[in-house]
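For the single chain, residues carry numbers from 1 onward in sequence order. Scope of the values below: all heavy atoms of this structure, side chains included, with no hydrogens, waters or symmetry mates.
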Amino acid sequence: MTGSTGSTWRYRWAYRQNERRQRVFREADGAWRRRDEELRRLRTLAEEFGGSAEAGAGLPIELDPGETVCWVLPAAQLVEVRRAAVLPAPELTVALRPRPLRRRRPDGIRITDTGIAVITNRRLVLLGGRGRRDWAYGKMIGLAHDLRAPVTLIQVLDRRRASGLLLPAEAVADFRFKLSVAFADAIEQREAVLAQLDEALAEHARRKPLRPAVRTPAQARLTGFVRGGARAVAVAAGITLLVPAALILAAPSAPPDSIRTEVAAATAATSAASAAATRAAAAMAGSPAPTPIAAPSLCGAPTNPLGYGFCAGDPVRQPAAEVCDWFDCVPGFWAGRGYLVQCGNSSVSLAGGSPRACGQHGGVQRAFRAPGPQPG
C-alpha cells in the first residue's frame with residue numbers, strides 16, 4: 001500500500017516505530033502501576049494500623065491495660081551485640097524501597113534464643129524458649145536496621161548492651177515498616193509517617209509514564225533504512241572521516257614497494273587509457289593519432305613520479321619536498337648538505353659527497369640523478 005508519500009517502506013517504518021514505542025510504554029506503565037499499588041497499600045496500612053487484645057489469645061504474654069497485639073511472627077531469633085555500641089536515635093523515616101538482604105548475620109553479634117516476635121502498640125516482644133525479652137517504645141533510645149542483613153538492633157534505657165532480632169529475609173520489610181508505625185503511634189507521631197507516604201505518592205504520580213504519540217508515515221526519514229537509525233548513520237560518518245586521517249597520520253615517511261608498484265601501475269593504466277582515447281578521437285576526426293611518449297627509464301631506481309633514477313644526469317642536490325613520500329628517507333634527512341644517494345639498506349640520504357653519508361645504513365650504494373640541469 002502506498003499513499004501520498006508514494007512508498008511502502010514509510011508505512012512499515014511507522015508500524016515498527018509505533019509497536020516499539022507502545023511496548024516500552026506498556027512495560028513502564030505496568031511497573032508504575034505496581035509501585036502505585038504498593039505505596040497505596042502502605043498508606044492504608046499506616047493509617048489503619050492497630051490491633052486487638054484478642055489477637056494475643058494463646059500467646060504466653062500478659063498485656064497491660066489498653067495494650068493490643070498488632071503483628072505476630074512465629075520465627076525470629078534473639079541476637080545480642082558482643083561489644084558495647086551506641087546506636088543512632090530512632091527515626092520516623094520509613095523505608096519505601098528496601099534493598100535485597102543477605103541471609104546471614106553480620107559479624108559482632110551472637111544468637112542467644114529463638115521464639116515468636118510480637119509487635120504491640122507499646123512494645124516489641126520476643127517470646128523465646130529461654131524467656132521473654134521486651135523493648136518498650138517509651139524506653140527506646142537507639143534503633144538500627146542493618147541495610148545488608150535481616151537484623152534490627154535496639155537500645156533501651158534499662159539494658160547496657162544493644163540487642164534485637166534476626167528475622168527471615170522475606171519478612172523483614174513488613175516487620176520494619178510496622179515497627180516504625182507502631183513506634184510513631186506510641187509517641188503520637190503517626191501523622192509524620194502518613195505525610196511521608198503522601199509525599200511519596202505525589203512524587204510517584206508525577207512520574208507516571210505518558211502514552212507516546214502515534215508516528216505517521218510522513219515522519220519517516222531515510223535513516224529508517226539503516227539499522228540503528230540516525231545514530232548509526234552519524235557514527236558511520238564519523239568513522240569515515242576519522243579512518244583516512246588516522247591512516248595518514250600512521251603512514252610511514254616512504255610508502256612500501258607494493259604501494260609504489262600499485263601507484264605506478266595505476267599511473268601507467270591511466271596513461272594508456274588516455275592515449276587510447278586520444279587515438280580514438282583522432283581517428284574519428286580523420287587526423288593521425290599522436291605517437292605516445294614512453295615513460296623515462298629509471299635504470300633500476302624505485303618507481304617514483306619525480307624522475308629520480310640511476311641513469312645519466314646531474315646529481316639531485318635540492319630534491320622535491322615530497323621526496324620522502326616516495327623514498328625511505330634516513331632520520332635527519334633534511335639536515336644533509338650534499339646530494340641524494342641510495343644507502344646499502346635501500347634508504348636514501350641527502351649527505352652524498354660526505355665521508356659519513358649512510359654511515360649507519362650500509363654505506364653509499366649509488367647516487368640519484370635527474371634529467372636536465374639541477375639547481376645549486
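Both V72 and L127 are members of a single hydrophobic cluster when ILVMFWY side chains are connected at heavy-atom separations under 4.5 Å. Under a hydrophobic clustering in which Ile, Leu, Val, Met, Phe, Trp and Tyr are joined whenever their side-chain heavy atoms come within less than 4.5 Å, directly or via other members, I154 and L73 fall into the same cluster. Both V181 and L201 belong to a single network of hydrophobic side chains, linked directly or stepwise wherever heavy atoms of I, L, V, M, F, W or Y lie under 4.5 Å apart. The hydrophobic cluster containing F310 also contains V348, counting ILVMFWY residues as joined when their side-chain heavy atoms lie under 4.5 angstrom apart, directly or transitively. Hydrophobic clustering (ILVMFWY, side-chain heavy atoms < 4.5 Å, transitive): W71 and L78 are in one cluster.
With R190 contributing its side chain and E47 its backbone, the two residues share a donor-acceptor pair below 3.5 Å. Put simply, the side chain of H204 gets close to the backbone of W32: a donor and an acceptor are under 3.5 Å apart. Between the side chain of R130 and the main chain of T112, a donor-acceptor pair closer than 3.5 Å is present. Side-chain atoms of N121 come within 3.5 Å of backbone atoms of T68 as a donor-acceptor pair (strictly under, hydrogens ignored). The backbone N or O of A14 sits less than 3.5 Å from a side-chain atom of N18, completing a donor-acceptor pair. Distance alone, capped at 3.5 Å, places no donor-acceptor pair between the R215 side chain and the A213 backbone. A donor-acceptor pair under 3.5 Å is absent between the side-chain atoms of E67 and the main chain of R123, judged by distance alone. Looking at N304, its side chain does come within 3.5 Å of a backbone N or O of L306 through a donor-acceptor pair. Checked by atom type and distance alone, the side chain of Q155 pairs as donor or acceptor with a backbone atom of L87 at under 3.5 Å. The backbone N or O of G362 sits nowhere less than 3.5 Å from a side-chain atom of N345 that would complete a donor-acceptor pair.
Between E19 and R16, no side-chain nitrogen of the basic residue sits less than 4.0 Å from a carboxylate oxygen of the acidic one, so the salt-bridge criterion is not met. Between R40 and E37 there is no salt bridge, since no side-chain nitrogen of the basic residue lies less than 4.0 Å from a carboxylate oxygen of the acidic one. Electrostatic pairing of E80 and R133 counts as a salt bridge here, judged by a charged N lying under 4.0 Å from a carboxylate O.
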Tell me, with the steps shown, if R159 and K139 meet side-chain contact (heavy atoms from CB on, under 4.5 Å).
CA-CA 10 Å; R159 278 191 295 275; K139 297 181 180 180; over 6 Å; no
Test side-chain contact (heavy atoms from CB on, under 4.5 Å) on I141 and L157 and set out the steps.
CA-CA 7 Å; I141 59 174; L157 289 172; 3.5 Å; yes
Determine whether L153 and V79 satisfy the following criterion, side-chain contact (heavy atoms from CB on, under 4.5 Å), listing intermediate values before the conclusion.
CA-CA 8 Å; L153 297 177; V79 295; 4.0 Å; yes
Please lay out, stage by stage, how T216 and Q219 fare under the test side-chain contact (heavy atoms from CB on, under 4.5 Å).
CA-CA 6 Å; T216 64; Q219 295 175 307; 3.5 Å; yes
Set out, in order, the CA-CA distance, both residues' side-chain angles and the distance that settles salt bridge (charged side-chain N to carboxylate O under 4.0 Å, His left out) for E38 and R35, then state yes or no.
CA-CA 5 Å; E38 176 63 14; R35 180 60 180 167; 5.5 Å; no
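Between F327 and F333, the ring center distance fails the sub-6.0 Å criterion.
In this structure, the side chains of Q365 and V341 stay at 4.5 Å or more apart for every pair of heavy atoms. Between L45 and K178 the shortest side-chain heavy-atom distance falls below 4.5 Å. Using a 4.5 Å heavy-atom threshold, the side chains of V316 and L350 count as separate. For the pair W135/L126, a side-chain contact is recorded, criterion being any heavy-atom separation below 4.5 Å from C-beta on. Taking the side chain as every heavy atom from C-beta outward, L124 and L165 approach each other to under 4.5 Å. The shortest distance between side-chain heavy atoms of F175 and P150 does not fall below 4.5 Å. Contact annotation: the side chain of L63 approaches that of V69 to within less than 4.5 Å [non-hydrogen atoms, C-beta and beyond]. Side-chain contact between E91 and L143 is absent, with no heavy atoms from C-beta onward closer than 4.5 Å.
One distance of note links CZ of F49 with CZ of F177; it measures 9.0 Å at 0.5 Å rounding. Between the CG atom in L340 and the CZ atom in R366 there is a gap of 12.5 Å [rounded to 0.5 Å]. Distance check, rounded to the nearest 0.5 Å: NE2 of H145 to OG1 of T93 gives 10.0 Å. Going from atom CE of M140 over to atom CD1 of I187 covers 9.5 Å, rounded to the nearest 0.5 Å. One finds the CZ atom of R43 at 7.0 Å from the CG atom of L197 (value rounded to the nearest 0.5 Å). To the nearest 0.5 angstrom, R211 atom CZ is 7.0 Å from D29 atom CG.
More than 12 heavy atoms of other shown residues, nucleotides or ligands fall within 6.0 angstrom of atom CD in E170. Atom CD of Q189 has more than 12 neighbouring heavy atoms from other residues, nucleotides or ligands inside a 6.0 Å radius. The local environment of CZ in F25 is crowded, with over 12 non-hydrogen atoms from other residues, nucleotides or ligands closer than 6.0 Å. Other residues, nucleotides and ligands place no more than 12 heavy atoms under 6.0 Å from the CZ atom of R148. More than 12 heavy atoms of other residues, nucleotides or ligands shown are found within 6.0 angstrom of CD on Q22. Atom CD of Q360 is surrounded by 12 or fewer heavy atoms from other residues, nucleotides or ligands within 6.0 Å. Summarising the local packing, CD of E199 is surrounded by 12 or fewer heavy atoms from other residues, nucleotides or ligands at distances under 6.0 Å.
Closest heavy-atom contact between A182 and I119: CB-CG2, 3.9 Å. Pairing each heavy atom of A117 with each of A76, the nearest pair is CB-CB, 3.8 Å. Closest non-hydrogen pair, V193 versus A184, comes out as CG2-CB, 3.7 Å. Between Y308 and Q318 the shortest heavy-atom distance is OH-O, 4.4 Å. Closest approach of P302 and L298 over heavy atoms only: O-CD1, 3.6 Å. Scanning all heavy atoms of the two residues, the minimum distance from V125 to R132 falls at CG1-CG, 3.5 Å.
Taking the six-membered ring where the residue is Trp, Y137 and F183 present perpendicular rings, their angle passing 60° and hence far from 30°.
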